[in-house]
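Below is one structure; the comments refer to it alone.
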Amino acid sequence: MIVETQRTLALQCPACQGTQFHEFSIFEVGPQPHPLQCKCGFAHGQVSRTGSRYTIDAFSLAGERVRLIYPAKEFLRARLMSLIEPTFGDTIGFLGRDKDVSEAVSHSECFQFGSDGAELEDFENPDVMYAVLARLQRLAGEGKITCQCDHPSVGIDIYPDRVELVCSFCGSAVVIEASAPYHQERVARLHEIVMEPSSYASLGECLKPLF
Ligand SMILES: [Zn+2]
Ligand SMILES: [Zn+2]
């Protein structure tokens, strides 16, 4: 089961009465609130994560504050879900995959609820998983995750107990376990990940060349 790292949130704005799209990486959302600003200038919400729960603070179209809390499995995996303001049951926005959210906004009467419906296991150890993802994101941001092939293009697939770095050009992959505290420590010590072209390795196996 693959978790998409990009999420799209469409939120209605009480200031301009428009719909503003926000795209963010799940790596950007942590205990520090990730601000959501409308193009009209109004700060119409924020997203944050506490443990494995995600909180969206937003406004109803009438300008009332709305707080919505979702478990990680829903927030991270839903193909499309609608954000329902609890007092009147109004839909104030959508969260999910970019394509599905855009479609839902353009025909907002015929959106679908819910997620993919496949196995919805939580991460085995959310704290370790988030720490591993945060570390990988930082390395990626510094250009320290690369593949030695001609056209490196490294992406990440997330599973309940591990992540896999995959180069979409040559198909090489590195499996990084992320379910036990020592996995987190191992990743914390990494300074760089260089993938061999067309190879399949686990992080344990390729630790040597990394140092
Ligand atoms: Zn606005
Ligand atoms: Zn490659």
Side-chain angles (χ1 to χ4, degrees), residues 1-118 120 122-123 126-127 129-131 133-138 140-142 155-158 163:
M1 181 88 197
I2 293 175
V3 175
E4 302 196 23
T5 58
Q6 286 297 123
R7 301 265 74 190
T8 296
L9 175 64
L11 263 191
Q12 293 188 327
C13 174
C16 65
Q17 304 281 305
T19 299
Q20 176 68 40
F21 287 85
H22 299 278
E23 279 191 56
F24 54 90
S25 154
I26 62 170
F27 304 115
E28 293 169 33
V29 180
Q32 281 291 64
H34 177 74
L36 303 169
Q37 186 166 19
C38 183
K39 56 183 174 302
C40 75
F42 184 69
H44 66 165
Q46 61 185 34
V47 194
S48 58
R49 176 180 65 76
T50 309
S52 60
R53 297 204 157 259
Y54 285 82
T55 302
I56 299 176
D57 287 303
F59 290 90
S60 70
L61 265 186
E64 300 290 334
R65 282 179 187 278
V66 177
R67 167 164 283 193
L68 302 167
I69 298 174
Y70 299 97
K73 62 183 179 185
E74 216 179 321
F75 188 91
L76 299 177
R77 291 180 178 177
R79 199 161 63 81
L80 177 65
M81 64 190 196
S82 42
L83 310 181
I84 310 283
E85 171 277 307
T87 314
F88 299 104
D90 293 333
T91 299
I92 59 163
F94 298 96
L95 173 78
R97 296 198 303 205
D98 184 44
K99 186 171 151 284
D100 297 282
V101 170
S102 310
E103 275 172 21
V105 169
S106 52
H107 340 66
S108 51
E109 301 87 39
C110 56
F111 57 81
Q112 294 167 268
F113 289 97
S115 58
D116 279 346
L120 288 172
D122 270 314
F123 296 136
D127 288 340
M129 177 59 83
Y130 291 120
L133 290 175
R135 180 71 188 145
L136 293 175
Q137 174 69 1
R138 189 146 156 224
E142 293 168 355
I156 185 168
D157 287 345
I158 305 174
V163 300

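- At a threshold of 4.5 Å between non-hydrogen side-chain atoms, the residues R97 and R7 count as touching.
- Y70 places a side-chain heavy atom less than 4.5 Å from the side chain of L83.
- Taking every heavy atom of both residues into account, P14 and L61 meet most closely at CB-O, 3.7 Å.
- Here the closest heavy-atom approach between residue A10 and residue V105 is recorded as CB-CG2, 3.6 Å.
- In this structure, the separation between CG on D98 and CG on L80 is 11.5 Å, given to the nearest 0.5 Å.
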Quiz item: Hey, mind stepping through V163 and L136 against side chain to side chain contact (heavy atoms under 4.5 Å, CB included) and telling me if it holds?
Solution: CA-CA 10 Å; V163 300; L136 293 175; 3.6 Å; yes

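- A 4.5 Å side-chain heavy-atom check between L9 and V101 finds every atom pair outside the cut-off.
- Note: R138 CZ to E142 CD = 5.5 Å, rounded to the nearest 0.5 Å.
- Scanning all heavy atoms of the two residues, the minimum distance from V66 to S60 falls at CG2-N, 3.6 Å.
- Nearest heavy-atom pair across A43 and F59 is O-CE1, 3.9 Å.
- Counting only heavy atoms from C-beta outward, the side chains of Y54 and P71 never approach each other to under 4.5 Å.
- Residues F21 and S102 are in side-chain contact: their nearest non-hydrogen atoms beyond the backbone lie under 4.5 Å apart.
- Note: K73 NZ to S52 OG = 10.0 Å, rounded to the nearest 0.5 Å.
- Aromatic ring centres of Y130 and F27 lie farther apart than the 6.0 Å criterion allows.
- No side-chain N or O of Q46 forms a donor-acceptor pair with one of S48 less than 3.5 Å apart.
- Distance check: K39 NZ to H44 NE2 gives 9.0 Å after rounding to the nearest 0.5 Å.
- Here the side chains of Q6 and E23 are in contact, with some heavy-atom distance below 4.5 Å.
- T91 and Q12 make their closest contact through O-OE1, 3.4 Å (heavy atoms, listed as atom of the first residue, atom of the second, distance).
- Rounding to the nearest 0.5 angstrom, the gap separating the CD1 atom in I56 from the CZ atom in F75 is 5.0 Å.
- Here the OG1-NZ distance, from T8 to K99, works out to 12.0 Å after rounding to the nearest 0.5 Å.
- The side-chain heavy atoms of M129 and P126, taken from C-beta on, include no pair separated by under 4.5 Å.
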Quiz prompt | I69 and T50: CA distance, side-chain angles, deciding distance, side chain to side chain contact (heavy atoms under 4.5 Å, CB included) verdict | solution = CA-CA 10 Å; I69 298 174; T50 309; over 6 Å; no

Quiz item: Please walk me through it: do T55 and V47 pass side chain to side chain contact (heavy atoms under 4.5 Å, CB included)?
Solution: CA-CA 6 Å; T55 302; V47 194; over 6 Å; no

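- Sorted by first and then second residue, the pairs that involve residues 58-72 and meet salt bridge (Lys or Arg N to Asp or Glu O under 4.0 Å), not counting sequence neighbours, are D57-R67.
- The two atoms that bring V29 and H34 nearest to each other are CG2-CB, 4.4 Å, heavy atoms only.
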